Amino acid sequence: MFYKSSDNIDDLMRAVFARLLSNNTNDFDVRSSRKGDSREIFGVLLELTNPRARISRSQSRARIYSSLGELIWYISSNNSIEFIEYYIPGYSQFSDDGKTANGAYGPRIFSKGIDNAEISSRTQWQRVIDTLSQRNGSRNGIIQIFANRDAEIDSNDIPCTCTLHFAIRNDKVHLHTHMRSNDAFLGLPHDIFSFTMLQEIAARQLNCEIGSYQHSVASLHLYSDTDKRKFKTLAQAYLDEGLHDPIQMPRMPDGNPWPSLNEVIKAEAEIRKGNRTYGPTVELNPYWTDFLTLLRIYYVTIKRHGIEQEEAAALIEKIIDPTYKLFVLDRIERKLGPARRLLKILTAGKIQ
Ligand SMILES: O=c1ccn([C@H]2C[C@H](O)[C@@H](COP(=O)(O)O)O2)c(=O)[nH]1
């Protein structure tokens, strides 16, 4: 059993990687899993006491674009591989038909008629919100993702997340996630990002603050290095980066976030198609416009061949929260090395 509590995600990842790279006699070398050899801690509880400190400040694990893309994939109730591959190349390895992901969390959380359809015409999300609005102390605010029938079929994508258990305690929304299986290097930072965002969305809907985030995992593992993948080496490189300054995302604005989230969902689809000047017709809080700016920057700096330097610089200047600027500049530098012209534009401009 492994337990670690911290107010930021980097402390949690550092503790997990250090343990998995040590030869702790309580851990296991797992050789017969279908996804490859790994080192495993069986039985883990991680607690993030400040769920807004959900993005790693490291060079190697700061995954703002793919985390945001995956979150929007979930909340738009989508299971398309084309959509998620745009943000997470290689996701198709999980697909059985190359087009959809059987285990996609979005439809299971946000569509009617999935899993619990026999007993409810509501989405699982709506049921949890209704339950917690009606009875504050409820212990039934549970979204079930892994279903028994998942284990019956031979699929490349059996959901790794079993339950998302929301509870209101002392007027704060706490979330306890349970995963049967979690890849410590690739999956963990993405899953913590998405689930703490869902926690904050639920908190705003329920007119509460966020409490703590608890991440329980049965098999938390680090894949061994192979010809194609070097996860152990990368985890060691992350540790060698040294201490990372914790950072936190801004607070999601008060009120029901869904009207704004729906605008973000619409705009994301347009930007992904290349329509990067698309903007919502209603005015959004800067919290949300920053998301759209990040999605446009991702399109312009990462997805297109050849970086549109003036356009990228202008977009970067539009970012309101300075935390995101750090991520964007770090990522551009990593992609391009000394991107001389762009960096010159940026340093000559107003960006600190
Ligand atoms: O949200 C997810 C989805 C998948 N995985 C990882 C965990 C495993 O490494 C792999 C799935 O393999 P199996 O547990 O199904 O063998 O994907 C995660 O970490 N998080």
Side-chain angles (χ1 to χ4, degrees), residues 2 9 12-13 16-17 20 27-46 48 54 56 61 63 66-75 77-81 83-85 87-96 100-110 143-164 175-199 213-226 228-232 234-235 238:
F2 179 83
I9 189 173
L12 299 179
M13 284 203 295
V16 165
F17 292 176
L20 282 166
D27 297 344
F28 302 99
D29 287 310
V30 180
R31 296 229 155 72
S32 52
S33 150
R34 66 159 103 191
K35 304 264 167 30
D37 296 351
S38 63
R39 180 80 178 160
E40 173 189 81
I41 318 172
F42 193 82
V44 175
L45 181 59
L46 305 176
L48 185 57
R54 58 171 73 92
S56 168
R61 291 288 72 208
R63 284 288 174 267
S66 51
S67 299
L68 199 53
E70 190 174 44
L71 173 73
I72 299 171
W73 191 57
Y74 292 157
I75 61 172
S77 194
N78 200 294
N79 67 357
S80 142
I81 290 292
F83 184 150
I84 194 61
E85 275 263 341
Y87 295 102
I88 307 182
Y91 207 100
S92 56
Q93 63 170 316
F94 291 116
S95 175
D96 298 321
T100 58
N102 162 64
Y105 300 159
R108 292 171 188 241
I109 304 171
F110 295 108
I143 290 175
Q144 184 192 329
I145 296 181
F146 174 94
N148 287 344
R149 66 171 165 74
D150 286 311
E152 298 283 349
I153 54 171
D154 188 28
S155 168
N156 279 327
D157 187 18
I158 297 177
C160 296
T161 303
C162 302
T163 51
L164 300 171
L175 173 57
H176 183 101
T177 295
H178 178 64
M179 300 187 72
R180 64 171 181 85
S181 168
N182 201 188
D183 169 343
F185 192 79
L186 288 181
L188 180 67
H190 283 97
D191 293 321
I192 290 183
F193 179 91
S194 283
F195 298 150
T196 55
M197 286 297 291
L198 295 183
Q199 179 180 7
Y213 173 74
Q214 299 169 12
H215 192 79
S216 146
V217 185
S219 165
L220 183 63
H221 48 265
L222 185 61
Y223 286 109
S224 305
D225 283 358
T226 61
K228 285 193 187 146
R229 307 178 311 179
K230 295 268 181 279
F231 289 145
K232 285 201 167 162
L234 289 167
Y238 169 89

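Start at 1 and go down the list; that is how both ligands and their atoms are numbered. All figures in this text were calculated on a predicted structure; none of them were measured in a lab.
- The nearest protein atom to atom 1 (O) of ligand 1, hydrogens excluded, is given as Tyr105 OH, 2.7 Å; this is a heavy-atom distance.
- Atoms of ligand 1 lying under 4.0 Å from at least one heavy atom of Tyr223, given by number and element, are 8 (C), 9 (O), 10 (C).
- Closest of all the heavy-atom pairs between Pro107 and Ser77 is CA-OG, 3.3 Å.
- Interface atoms of ligand 1 facing Gly187, defined by a heavy-atom separation under 4.0 Å, are 19 (O).
- In this structure, Arg63 forms no cation-pi arrangement with Phe193, as its terminal cationic atom is not both closer than 6.0 Å to the ring centre and no more than 45° off the ring axis.
- For the ligand labelled ligand 1, residue Arg180 lies inside the 4.0 Å heavy-atom shell.
- Residues that satisfy the side chain to side chain donor-acceptor pair (under 3.5 Å) test with Arg39, not counting sequence neighbours, are Asp29.
- Those atoms of ligand 1 with a heavy atom of Lys35 less than 4.0 angstrom away are 11 (C), 12 (O), 13 (P), 15 (O), 16 (O).
- Among the atoms of Asp191, some N or O lies under 3.5 angstrom from an N or O of ligand 1.
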Between Arg108 and Asp150, does a salt bridge (Lys or Arg N to Asp or Glu O under 4.0 Å) hold up when you go through it step by step? CA-CA 12 Å; Arg108 292 171 188 241; Asp150 286 311; 2.7 Å; yes

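- Here the protein heavy atom with the shortest distance to atom 4 (C) of ligand 1 is Cys160 SG, 3.0 Å.
- A side-chain N or O of Ser216 and one of His178 form a donor-acceptor pair less than 3.5 Å apart.
- With sequence neighbours left out, Ser219 forms a side chain to side chain donor-acceptor pair (under 3.5 Å) with Glu40, His221.
- For atom 14 (O) of ligand 1, the closest heavy atom belonging to the protein is Ser181 OG, 2.7 Å.
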